[in-house]
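For clarity, every value in this text was computed on a predicted model and none was experimentally measured. A note on names: the letters A, B, ... follow the listed sequences, proteins ahead of strands, and every chain is numbered from 1. Side-chain atoms are counted along with the backbone in the values below, which use heavy atoms only and exclude waters and symmetry mates.
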Amino acid sequence: MSIKTRFAPSPTGYLHIGGVRTALFSWLHARHHGGAFVLRIEDTDRERSTQESIDAILEGMGWLGLDWDEGPQYQTEHFDRYAELADKLIEEGKAYRCYCTKEELDEMREQQVARGENPGYDGRCRDRLDARDSVDPVVRLRTPDTGSVEIDDLVRGHVSFDNDMLDDLVIVRPDGTPTFHFGVVVDDADSGITHVIRGDDHLNNTARHMHLQDALGLDRPVYAHLPMILGEDGSRLSKRHGAVNVLEYREQGYLPEAVLNYLVRLGWSHGDQEVFSVDEMIELFDVKDVNASASKFNPEKLTWLNQQYIMAAEPPDLIPGLLEQMAKVGIDPSRGPAPQQVIETYRERAETLRELAMSAEYLYADNIPLDEKAAKKNLRPVVKEALTSLRDAFAELDAWNAEAIHQAIQDVADKHELKFGKLGQPVRVAVTGTGVSPPIDATVELVGRERTLVRLEKALDYIGEQGG
RNA sequence: GCUCCCUUCGUCUAGCGGUAAGGACGCGGCCCUCUCAAGGCUGAAACACGGGUUCGAUUCCCGUAGGGAGCGCCA
């Protein structure tokens with residue numbers, strides 16, 4: 001049988017990084033087995049579902065390259081189907097209308113907790129014959145009181161739940177809309193999902209879903225419950241742990257491949273390998289290798305991977321992303337060197353595209369701020385003469401390239417009996433305003449002759465002001 | 001409270017009865033070097049605890065402790 005998996009987010013917020021990992025594993029499972037991947041939007045909660053969320057999910061999936069073969073399906077389009085099946089269950093006596101009010105239920109739970117019991121619906125409407133006019137009923141599934149449900153989970157192994165711990169769950173709300181439980185079970189069956197891969201926060205629900213499947217006479221899909229991703233402090237991953245919205249990573253200049261690579265290593269591994277191309281993930285991934293324990297999100301490692309991907313990329317592939325970041329940082333790319341050159345000489349010291357753009361800012365500006373500390377330390381009277389003759393040498397240079405620039409610096413340094421670095425560092429500060437940059441010859445080349453001469457002049461003025 | 005799940009360096013993990021417990025991020029040191037990176041070498045750093053089973057347990061079983069999830073007319 002051909003394998004089919006799905007990712008079924010609810011559109012009640014942005015696409016969460018934990019959700020992405022779930023999507024990735026489902027997607028990889030389908031791709032690895034040459035099966036199909038379905039995207040289904042679980043929008044049965046009409047109160048909280050928004051179009052913005054749907055857009056964010058679609059955009060996030062697209063950015064990451066997690067493509068789907070079917071969908072996006074919307075559960076709101078299947079309402080007739082749910083209603084039909086709910087009626088059938090009631091007719092068959094497998095479900096019933098419950099007229100309890102929220103107040104009644106709250107009171108019931110309170111008492112149960114007080115008695116030290118697992119709170120749950122006690123089935124008081126199971127045999128009710130009369131309708132209550134004052135309340136619109138929900139529909140509940142009649143679940144067995146005795147026995148147990150057995151789950152054979154691909155990552156957890158065998159898990160068993162006693163039925164007396166499972167109450168009669170609501171499958172249809174008073175307004176006729178289905179609950180999540182009913183929607184998933186019906187849709188998974190209708191679209192022929194063979195493997196349900198989801199977060200282990202659903203492990204308890206799976207037992208209930210199996211009862212629903214039994215009532216509906218459906219075959220059960222195979223389940224795989226993935227461990228959670230927690231924040232660095234071990235609590236549930238949330239905003240206070242940094243970015244949890246995937247699109248936020250795009251904003252910050254992360255590459256989608258890096259995000260996927262980081263995520264695939266949370267709960268899954270292949271020997272000692274750390275870096276996986278998407279093709280390698282597809283080839284090597286197997287849900288059976290997923291481990292059962294939760295993992296904590298480690299931003300430093302993601303950042304390291306991002307840098308690895310930036311360094312390994314084909315420079316032209318990075319141009320669109322860099323231009324995006326330049327725009328955000330306020331750089332006009334037409335006022336300096338070609339982005340590709342910047343990528344080639346700056347990328348190994350940038351952890352994100354954002355950082356790459358920012359580190360090249362002085363290549364595109366006419367006026368640059370001088371870092372006071374670096375200036376004080378390096379722009380001193382001792383190098384005034386050397387800097388002056390270097391300026392003259394630069395002005396007369398035939399070819400403006402790193403090699404010629406390097407030679408000029410070397411010659412001037414020799415003439416003034418300075419080591420290369422003793423001259424190079426002052427030049428760096430003069431030309432970039434800071435003490436940090438790529439090799440000075442490549443940097444000067446990209447700054448350009450005109451700006452270099454102006455900046456050297458300014459540096460000489462600075463030395464003069466300092467009493468040189 | 002009840003049910004279910006989890007437990008190897010700070011973090012992600014390898015291990016699948018006999019290992020000097022391996023790798024990666026991060027951290028420290030050294031090398032390279034015009035700065036910063038990158039890269040290379042290197043150091044510190046872990047089997048939660050207690051019982052079993054076994055000739056032998058990180059590995060299998062049972063407890064304890066700790067952590068997580070669920071207990072909705074949210075998904």
Side-chain angles (χ1 to χ4, degrees), chain A residues 8-12 42-45 47-49 98 100 102 105-106 109 112-121 136-140 151 153 156 159-162 164-167 169-175 177 179-181 183-184 198-208 225 227-228 230 232 234-236 262 265-275 291-305 307-308 311 346-351 359 374 378 406 409-410 413 419-429 432 434-441 443:
Chain A
S10 62
T12 53
E42 308 223 315
D43 54 353
T44 53
D45 184 348
E47 304 268 309
R48 302 196 303 161
S49 298
C98 166
C100 294
K102 292 202 176 186
L105 295 175
D106 287 344
R109 287 194 194 97
Q112 288 167 329
V113 172
R115 273 184 260 127
E117 293 169 14
N118 187 20
Y121 185 63
D136 290 325
V138 299
V139 177
R140 286 183 187 272
I151 304 173
D153 189 277
R156 307 277 144 172
V159 181
S160 175
F161 286 89
D162 286 339
D164 61 8
M165 296 307 304
L166 273 17
D167 60 357
L169 74 162
V170 173
I171 58 177
V172 180
R173 300 189 181 95
D175 64 0
T177 60
T179 60
F180 149 78
H181 303 288
V184 245
R198 50 170 29 163
D200 74 5
D201 46 339
H202 283 295
L203 190 52
N204 292 262
N205 287 332
T206 296
R208 300 164 187 280
H225 289 94
M228 307 254 79
L230 308 173
E232 288 173 282
S235 68
R236 200 180 183 116
Y262 176 70
R265 284 286 290 100
L266 252 31
W268 178 81
S269 61
H270 182 259
D272 286 340
Q273 190 170 344
E274 292 290 348
V275 178
N291 46 189
S293 52
S295 42
K296 293 176 187 165
F297 192 82
N298 181 204
E300 284 83 26
K301 188 160 179 185
L302 203 210
T303 299
W304 172 78
L305 271 167
Q307 183 177 31
Q308 295 297 310
M311 288 192 295
Y346 282 73
R347 62 166 163 183
E348 71 184 28
R349 60 216 88 209
E351 294 182 322
S359 69
N378 295 287
H406 188 94
I409 298 173
Q410 188 68 67
K419 285 173 72 180
F420 189 96
K422 287 290 178 202
L423 181 55
Q425 194 58 8
V427 173
R428 172 170 287 113
V429 175
T432 72
T434 76
V436 174
S437 88
I440 191 60
D441 45 9
T443 304

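When the nucleotides C25(B), A75(B), U35(B) are ranked by their closest atom to the side chain of Ser10(A), A75(B) comes out on top. Nearest nucleotide to the Asn204(A) side chain, out of A24(B), C71(B), A69(B): A69(B). Nearest to the side-chain atoms of Val159(A) among the listed nucleotides A75(B), C4(B), C12(B) stands C4(B). The side chain of Leu203(A) lies closest to C4(B), out of G70(B), C4(B), A38(B). Among U13(B), A24(B), A75(B), the nucleotide with an atom closest to any side-chain atom of Glu274(A) is A24(B). Which of C2(B), C34(B), C25(B) sits closest to the side chain of Met165(A) comes down to C2(B). Side-chain proximity of Glu42(A) to C73(B), A75(B), U3(B): nearest is A75(B). Here the nucleotide nearest the side chain of Asn298(A), chosen from C25(B), C34(B), C6(B), is C25(B). Side-chain proximity of Asp272(A) to A75(B), A69(B), G23(B): nearest is G23(B). Among U11(B), U35(B), C71(B), the nucleotide with an atom closest to any side-chain atom of Gln425(A) is U35(B).
Only the P atoms considered, G15(B) is 27 Å distant from A69(B), to the nearest whole Å. For the P atom pair drawn from C2(B) and U58(B), the interatomic distance equals 32 Å after rounding to whole Å. When the C1' atom is used for both U8(B) and A14(B), the distance is 10 Å, rounded to whole Å. C27(B) and U33(B) have their P atoms separated by 24 Å, with the value rounded to a whole Å. Comparing the same atom, C1', in A45(B) and in G22(B) gives a spacing of 14 Å after rounding to whole Å. For the P atoms, the distance from A48(B) to C6(B) is 15 Å, rounded to whole Å.
The CD atom of Glu351(A) sits 9.5 Å away from atom CE of Met311(A), with the distance rounded to the nearest 0.5 Å.
In this structure, the side chain of Asp167(A) does not engage the main chain of Gly120(A) through any donor-acceptor pair within 3.5 Å. No donor-acceptor pair under 3.5 Å is formed between the side chain of Ser269(A) and the backbone N or O of Gly271(A).
For the pair Lys102(A) NZ and C73(B) P, the interatomic distance rounds to 7 Å; values are reported in whole Å. The distance from atom CE of Met228(A) to atom P of C4(B) is 19 Å, rounded to the nearest whole Å. Separating the CD atom of Gln112(A) from the P atom of C2(B) is a distance of 14 Å, rounded to the nearest angstrom. Counting to the nearest Å, the P atom of G68(B) and the CZ atom of Phe297(A) are 19 Å from each other. Distance Trp304(A) CH2 to G10(B) P: 20 Å, rounded to the nearest Å. Rounded to a whole Å, the NE2 atom of His225(A) is 12 Å from the P atom of G70(B). Taking atom OH of residue Tyr262(A) and atom P of nucleotide G26(B), one finds them 12 Å apart after rounding to whole Å. Here C4(B) presents its P atom at 10 Å from CG of Asp164(A), a figure rounded to the nearest Å.
The phosphate of A75(B) (OP1 or OP2) has a side-chain N or O of Thr44(A) nearer than 4.0 angstrom. OP1 or OP2 of C73(B) sits under 4.0 Å from a side-chain N or O of Arg140(A). Neither OP1 nor OP2 of C12(B) sits under 4.0 Å from any side-chain N or O of Lys301(A). Contact check, Arg198(A) against A69(B): no side-chain N or O comes under 4.0 Å of OP1 or OP2. Between Ser437(A) and U35(B) there is no side-chain polar atom (N or O) within less than 4.0 angstrom of OP1 or OP2. Checking the phosphate oxygens (OP1, OP2) of U8(B), no side-chain nitrogen or oxygen of Asn291(A) falls inside 4.0 Å. Of the side-chain N and O atoms in Arg109(A), one or more sit less than 4.0 angstrom from OP1 or OP2 of G72(B). The side chain of Gln308(A) contributes an N or O atom lying less than 4.0 Å from OP1 or OP2 of G39(B). When the side-chain nitrogen and oxygen atoms of Ser359(A) are compared with OP1 and OP2 of C36(B), none of them lie within a distance under 4.0 Å. Under 4.0 angstrom from either OP1 or OP2 of A38(B) there lies at least one side-chain N or O belonging to Gln307(A).
Base pairing of U3(B): its partner is A69(B), meeting the Watson-Crick or G-U wobble criterion (both donor-acceptor distances under 3.5 Å). Pairing of C32(B), defined by two Watson-Crick or G-U wobble distances under 3.5 Å, is not identified with any nucleotide. Across the strands present, C49(B) finds its partner in G63(B); the criterion is a Watson-Crick or G-U wobble pair with both atom distances under 3.5 angstrom. C27(B) is paired with G43(B) under the Watson-Crick or G-U wobble criterion, all donor-acceptor distances under 3.5 Å. Base pairing of U19(B): no nucleotide in any strand meets the Watson-Crick or G-U wobble criterion (both distances under 3.5 Å). Base-pair partner of C9(B): not found among the strands shown (Watson-Crick or G-U wobble, both distances under 3.5 Å). Remark: A37(B) base-pairs with no nucleotide; criterion is Watson-Crick or G-U wobble with both hydrogen-bond distances under 3.5 Å. Of all nucleotides present, none satisfies the Watson-Crick or G-U wobble test against A57(B) with each distance under 3.5 Å.
Remark: the Arg156(A) side chain and the C5(B) base include no donor-acceptor N/O pair separated by less than 3.5 Å.
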For this session: Evaluate the side-chain hydrogen bond (donor to acceptor under 3.5 Å, both in side chains) criterion for residues Gln112(A) and Arg109(A): first the C-alpha distance (whole Å), next the side-chain angles of each, then the deciding distance (0.1 Å), finally the verdict.
Result: CA-CA 5 Å; Gln112(A) 288 167 329; Arg109(A) 287 194 194 97; 5.7 Å; no
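Closest-nucleotide positions on RNA chain B for His202(A) and Tyr121(A) were compared, and the one nearer the 5' end corresponds to Tyr121(A). Heavy-atom distances to RNA chain B give each of Gly421(A) and Leu302(A) a nearest nucleotide, and the one nearer the 5′ end belongs to Leu302(A).
Ring geometry for His406(A) against Phe420(A) counts as parallel: the plane angle stays under 30°, on a 0 to 90° scale with 60° as the upper cut.
The closest side-chain donor-acceptor pair between Arg198(A) and Thr206(A) falls under 3.5 angstrom. Side-chain contact of Ser437(A) with Thr432(A): a donor-acceptor pair under 3.5 Å is absent, judged by distance alone. Side chain to side chain, Ser293(A) and Asn291(A) fail the donor-acceptor criterion of an N or O pair below 3.5 Å.
A salt bridge is absent between Arg48(A) and Asp43(A); no separation between the charged side-chain nitrogens and carboxylate oxygens falls under 4.0 Å.
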